[in-house]
Amino acid sequence: MFPDPCEFPVKHTPLLAIESGGIENYDLWKNIFSQIAPDIQTIWWEAAENSPAPPDYLLVSRPPVGKIAHFPRVKAILCTGAGVDHLVSDPAWPRDIPLVRMGGQRTAQLMAEYVLWACLTLYRGARTWAWQQERRIFEREIITCVASEVPVGIMGFGHLGRKVAKTLLDNNFPVLGWSRRGTPLEGVEVFSGNTQLKDFLAKTHILINLLPNTQETRDKIDKDVLSALPLGACIVNVGRGNQLVEEDLLQLLNAGHLSGAVLDVFRHEPLAQNSPLWGHPKITISPHAASEASRYDHARYIVDVIETLEKCGEPELLYDWKRGY
Ligand code: NDP
């Protein structure tokens, strides 16, 4: 299991080695940390590898495969992304060091606002307006339903999914949640596991994907799942691109079973120029931009995590190797 952080002597100036963003962004990080947490010292991670004083923490985004194994003594590794699937696939990744995912209120708030916008866009038919505007067509199909008549189902009801649910509830949407364990949330009908998936889908008019990237969730949203949604349903994909089978989505949109999609993540990013998703009249595309807080917000969150660890506490968003997320 993880080493007890209190086995380490508590230092007043923890040393944070930074890989995230590359050398070109190191000074930006350094300046922010010196402003908001002067007690935390920073060092460029490659300089830290052979330094006589080993770093206490590592901040990473996309380190080269095999390199993090060179830091066996850090107390924790922090990632500037909420998804860490690209890190844990490194065969040399040091599994005994706690790995903390990016969080923070602003990351969750940004995601909640993106999903709220996507739901409003979908049920009001805003993609059609954009399509017509490009062609100078002034025709209208009146939409008379209101949010309270549009049930939204959130697949992946964790840190982000629950914040999204609260925001949708505050805006009158009926909300359903689906997760592995089915942890309840007031005001939400929660379903769990594959046995309850079809019941969840049958009641969902807008499906939000917020699952993490694991073996079980890859290709999860396929023809079977999409066809189990009611006629005219829509989907918002903000989880990972490889969870949605794009060919199946296109087939169900073209057949009229689904009426719209908002896609933020893709199997291959950047999305290929010749992808049929680009010009589809029922698809709205954003460039993996749903929730990316500022460097300053990330730094604030990192300081909170380091303070928690220095006090021997357990940060909320610890990666769990057994669950795979
Ligand atoms: P969490 O780990 O907090 O939540 C994951 C949720 O998925 C949990 O509810 C979990 O169930 C559920 N889950 C996991 N595996 C399964 C399964 N096999 N079947 C059913 N439910 C499952 O993750 P976050 O909410 O922090 O983030 C979710 C994802 O959002 C990230 O992994 C990332 O891919 C994506 N993301 C996208 C961004 C963007 O800009 N587009 C930005 C940030 C994140 P349980 O509650 O039972 O554990």
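Order of listing sets the numbers, starting from 1, for every ligand and every atom in it.
Residue pairs meeting the salt bridge (charged side-chain N to carboxylate O under 4.0 Å, His left out) criterion with at least one partner in residues 254-279, sequence neighbours excluded, are Asp219-Arg267.
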Donor-acceptor pairs are to be reported for all side-chain atoms of residues 133-156 against protein atoms at under 3.5 Å, with residues two or more places apart or in another chain.
{"unit_1": "Arg135", "atom_1": "NH1", "unit_2": "Trp131", "atom_2": "O", "d": "2.8"}
{"unit_1": "Glu149", "atom_1": "OE1", "unit_2": "Val146", "atom_2": "N", "d": "3.1"}

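Side chain of Lys163 to backbone of Ala112: no donor-acceptor contact under 3.5 angstrom is found.
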For ligand 1, output the ligand-protein N/O contacts shorter than 3.5 angstrom; if there are none, return none.
{"unit_1": "ligand 1", "atom_1": "2 (O)", "unit_2": "Arg101", "atom_2": "NH2", "d": "3.3"}
{"unit_1": "ligand 1", "atom_1": "3 (O)", "unit_2": "Arg101", "atom_2": "NH2", "d": "3.2"}
{"unit_1": "ligand 1", "atom_1": "3 (O)", "unit_2": "His159", "atom_2": "N", "d": "2.8"}
{"unit_1": "ligand 1", "atom_1": "9 (O)", "unit_2": "Phe157", "atom_2": "N", "d": "2.9"}
{"unit_1": "ligand 1", "atom_1": "9 (O)", "unit_2": "Phe157", "atom_2": "O", "d": "3.2"}
{"unit_1": "ligand 1", "atom_1": "9 (O)", "unit_2": "Gly158", "atom_2": "N", "d": "3.0"}
{"unit_1": "ligand 1", "atom_1": "11 (O)", "unit_2": "Arg180", "atom_2": "N", "d": "3.3"}
{"unit_1": "ligand 1", "atom_1": "11 (O)", "unit_2": "Tyr325", "atom_2": "OH", "d": "3.4"}
{"unit_1": "ligand 1", "atom_1": "18 (N)", "unit_2": "Glu216", "atom_2": "OE1", "d": "3.0"}
{"unit_1": "ligand 1", "atom_1": "21 (N)", "unit_2": "Arg180", "atom_2": "N", "d": "3.0"}
{"unit_1": "ligand 1", "atom_1": "25 (O)", "unit_2": "His159", "atom_2": "N", "d": "3.4"}
{"unit_1": "ligand 1", "atom_1": "25 (O)", "unit_2": "Leu160", "atom_2": "N", "d": "2.9"}
{"unit_1": "ligand 1", "atom_1": "26 (O)", "unit_2": "Arg101", "atom_2": "NH1", "d": "2.9"}
{"unit_1": "ligand 1", "atom_1": "26 (O)", "unit_2": "Arg101", "atom_2": "NH2", "d": "3.3"}
{"unit_1": "ligand 1", "atom_1": "34 (O)", "unit_2": "Gly239", "atom_2": "O", "d": "3.3"}
{"unit_1": "ligand 1", "atom_1": "34 (O)", "unit_2": "Arg240", "atom_2": "NH1", "d": "3.2"}
{"unit_1": "ligand 1", "atom_1": "40 (O)", "unit_2": "Ser291", "atom_2": "N", "d": "3.2"}
{"unit_1": "ligand 1", "atom_1": "41 (N)", "unit_2": "Val238", "atom_2": "O", "d": "3.2"}
{"unit_1": "ligand 1", "atom_1": "41 (N)", "unit_2": "Asp264", "atom_2": "OD2", "d": "2.9"}
{"unit_1": "ligand 1", "atom_1": "47 (O)", "unit_2": "Arg180", "atom_2": "N", "d": "3.3"}
{"unit_1": "ligand 1", "atom_1": "47 (O)", "unit_2": "Arg181", "atom_2": "N", "d": "2.7"}
{"unit_1": "ligand 1", "atom_1": "47 (O)", "unit_2": "Arg181", "atom_2": "NE", "d": "3.0"}
{"unit_1": "ligand 1", "atom_1": "48 (O)", "unit_2": "Arg181", "atom_2": "NE", "d": "3.3"}
{"unit_1": "ligand 1", "atom_1": "48 (O)", "unit_2": "Arg181", "atom_2": "NH2", "d": "2.7"}
{"unit_1": "ligand 1", "atom_1": "48 (O)", "unit_2": "Tyr325", "atom_2": "OH", "d": "2.4"}

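For the atom pair OG1 of Thr167 and CG of Asn171, the computed distance is 7.5 Å after rounding to the nearest 0.5 Å.
In the hydrophobic clustering of ILVMFWY residues, with side-chain heavy atoms under 4.5 Å counting as a link, Val265 and Leu277 come out apart.
Under the side-chain hydrogen bond (donor to acceptor under 3.5 Å, both in side chains) criterion, Thr121 pairs with Trp117, sequence neighbours left out.
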